[in-house]
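The block underneath contains the structure these notes are about, expressed in structure tokens.
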Amino acid sequence: MSQQIYNTLTRRKETFETIQSRLVTMYVCGPTVYDKAHVGHAMSALAFDVIRRYLEHGGYQVRHVMNYTDVDDKLIRRGRELDVNPIHLAERYIGEFEKHIADLGLLRATVYPRATEEIPRIIALIERLVAKGHAYAIEGDVYFRVKTDGDYGKLSGRRLEEMRAGARIAVDERKEDPVDFALWKAAKPGEPSWESPWGSGRPGWHIECSAMILRHLGERIDIHGGGNDLIFPHHENEIAQSESATGQPLARYWAHNGMMQLAGEKMSKSIGNLVTIEEFLARHEADVLRMMVLGSHYRSPLTFSDETVTQATSALERLRSALRPVTSASGGADAGKAENLERQIEASRKRFLAAMEDDFNTAGALGHLFDIVRVIHQACEQGLAADRITSAQDQLRLLMGVLGLHSERPAAAGDRSAAFIELLIDMRNELRGLKLWALADRIRDRLDDLGVLIEDAREGTTWRRR
RNA sequence: GGCGGCGUAGCCAAGUGGUUAAGGCGGAGGUCUGCAAAACCUCUACUCUCCGGUUCGAGUCCGGACGCCGCCUCCA
């Protein structure tokens, strides 16, 4: 088998082949930084993080670019409402997002370009489009002339006639065609603006991505990603701009993640039904969100609810349960059982890889990881030699790492309670030795209330944080 | 209205037309344990929204109905 990837452009799974051998160029649309990011943004970033990790695991080098839209209508409006410079506002939310990237355990992109830092390239690209007759200027605005793009609508499956007919867009009489869209917007007083051949103004939304891709990745890229809400108009327009300018197909594979749903609706800023990344991380560990994303296919919608969060938390705990230090020291089990363990793990590992090769089927892949979890526990029950179990655990840890999951919860910084907890456990075990069960149980219950879970095994007492 | 997607157990969710429909969560019973917890074992969808069709054979392909979601306006 070879890597398969679903391509929105063809609406089919296709065999993944890169333009340059062993190098993947991937551009993923990032957020417009006018407000706090929510878990839906995180879902998208996580989905492409996993794709990238798997490609890297397969031996590819990935050149990964994610943009920040740091100038647009919403940012300007927001800045006006709060009476702050929109550029500074963007700066603040970019800072927050950068922290989320670290907190969520996302691999850092190769470059994080910002619209405001790409203005000369954006202007150059627009000039190129104007020179080729694909764009026209009117009173300081520049519009893309959609009718010059013969295959406009190919990504989203739309036809121009139908779009003109059912135009819900407020028609700007100055445009040649209602479907034409802005490449450059003339500045209004007090707005951030840059000088251009058409007067002072700022870029339209779609053009920044075309310009950034051109600069940071080239005329053609392997994967272009983003949420499926961007298919139209954003990605359709990007294709129109880039391909009209270069005469080449922009991206080989268009990959789109499904939307995070909250209470049966898409999570979005405009509806206001959202949970910010900050809120989520204040209550849960980052890997819980990763587990939620891994638990269903990236192209499907993902339901966010108390119950799905709890389920993901428990599932993560289950995965990690197989990685606890091996305490059994018997080692008396026969070699046949050890071989059996290795065989089962190898079979699961192959199924895991096959699932991932099939359009990054993380939910299927996770299922095979849980099979490994079970056989590790079985091996422990059977008293297999510790070194055989440890090597099985190494396999599991490695595959979890491919998905970006950590094998244990990161320790809280500056927490020095461990020594005290162990002191209490020692005291409790003395009480147990004296069969003073009531007192011993009280210590266990009180620690449980504090989030510390005590487990008495034959080999001794262990504890962990809930 | 146009385009796209989805409907699998109490919940989440995978599923190349073909032996017993993954896995997780939850639940029930058992083993272990002073009691727990964890782990292990057993059980928890004779059936994949419904109705037709193609086929020797369909959750999987085709048509239709119903329901839900996304995009068509800023959106990951």
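Since we're looking at a predicted model, the values are computed, not measured. Letters go in sequence order (proteins before strands), and every chain restarts at 1.
The nucleotide G70(B) finds its pairing partner in C3(B), both defining distances of the Watson-Crick or G-U wobble pair being shorter than 3.5 Å. The nucleotide C46(B) finds no pairing partner, because no Watson-Crick or G-U wobble arrangement with both distances shorter than 3.5 Å includes it.
Applying the 4.0 Å criterion to OP1 and OP2 of C41(B), one finds that Q378(A) has a side-chain N or O inside that range. At the phosphate of G4(B), neither OP1 nor OP2 sits under 4.0 Å from any side-chain N or O atom of S156(A). The phosphate of A76(B) has OP1 or OP2 within less than 4.0 Å of a side-chain N or O from H41(A). Contact check, K266(A) against C71(B): a side-chain N or O comes under 4.0 Å of OP1 or OP2.
Across all strands, L319(A) comes closer than 4.0 Å to no nucleic acid atom at all (heavy-atom distances).
Between the side chains of E236(A) and S156(A), at least one donor N or O lies within less than 3.5 Å of an accepting N or O.
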Practice item. Would you sort out whether L89(A) and L75(A) count as a side-chain contact (heavy atoms from CB on, under 4.5 Å), showing the intermediate values? Key: CA-CA 8 Å; L89(A) 195 64; L75(A) 216 30; 4.1 Å; yes

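Checking A39(B), C72(B), A38(B) against the side-chain heavy atoms of H377(A) singles out A39(B) as nearest. Side chain of S321(A), nearest nucleotide from G26(B), A36(B), A39(B): A39(B). Closest contact between the side chain of S44(A) and the listed nucleotides C12(B), A38(B), A76(B) involves A76(B). Of the listed nucleotides (A39(B), A38(B), A14(B)), A39(B) has the atom at the smallest distance from the side chain of E381(A). Taking every side-chain heavy atom of E265(A) into account, G70(B) is the closest of G70(B), C71(B), C25(B).
On a pure distance criterion of 3.5 Å, no polar donor-acceptor pair joins the side chain of D72(A) and the base of C74(B). With hydrogens and angles ignored, no donor-acceptor pair under 3.5 angstrom links the side chain of R318(A) to the base of C25(B). A donor-acceptor contact under 3.5 Å is not formed by the side chain of N361(A) with the base of G15(B). With hydrogens and angles ignored, no donor-acceptor pair under 3.5 angstrom links the side chain of R299(A) to the base of G5(B).
Residue R458(A) is the one, among R464(A) and R458(A), whose nearest nucleotide of RNA chain B lies closer to the 5' end (criterion: closest heavy atom). Toward the 5′ end of RNA chain B lies the nearest nucleotide of V375(A), the other residue of the pair F232(A) and V375(A) mapping further downstream.
Atom-to-atom, NZ of K350(A) to C1' of A22(B) comes out at 19 Å; the value is rounded to the nearest Å. Look at CG on L453(A): it is 7 Å from P on A38(B), rounded to the nearest Å. C12(B) atom C1' lies 10 Å from atom CG of L302(A), rounded to whole Å.
Heavy atoms of other residues, nucleotides or ligands lying less than 6.0 angstrom from CZ of R446(A) number 12 at most.
The heavy-atom pair separating L424(A) from I443(A) by the smallest distance is O-CG2, 4.3 Å.
Here D448(A) does not pair with R444(A) in a salt bridge; the nearest charged N to carboxylate O distance is not below 4.0 Å.
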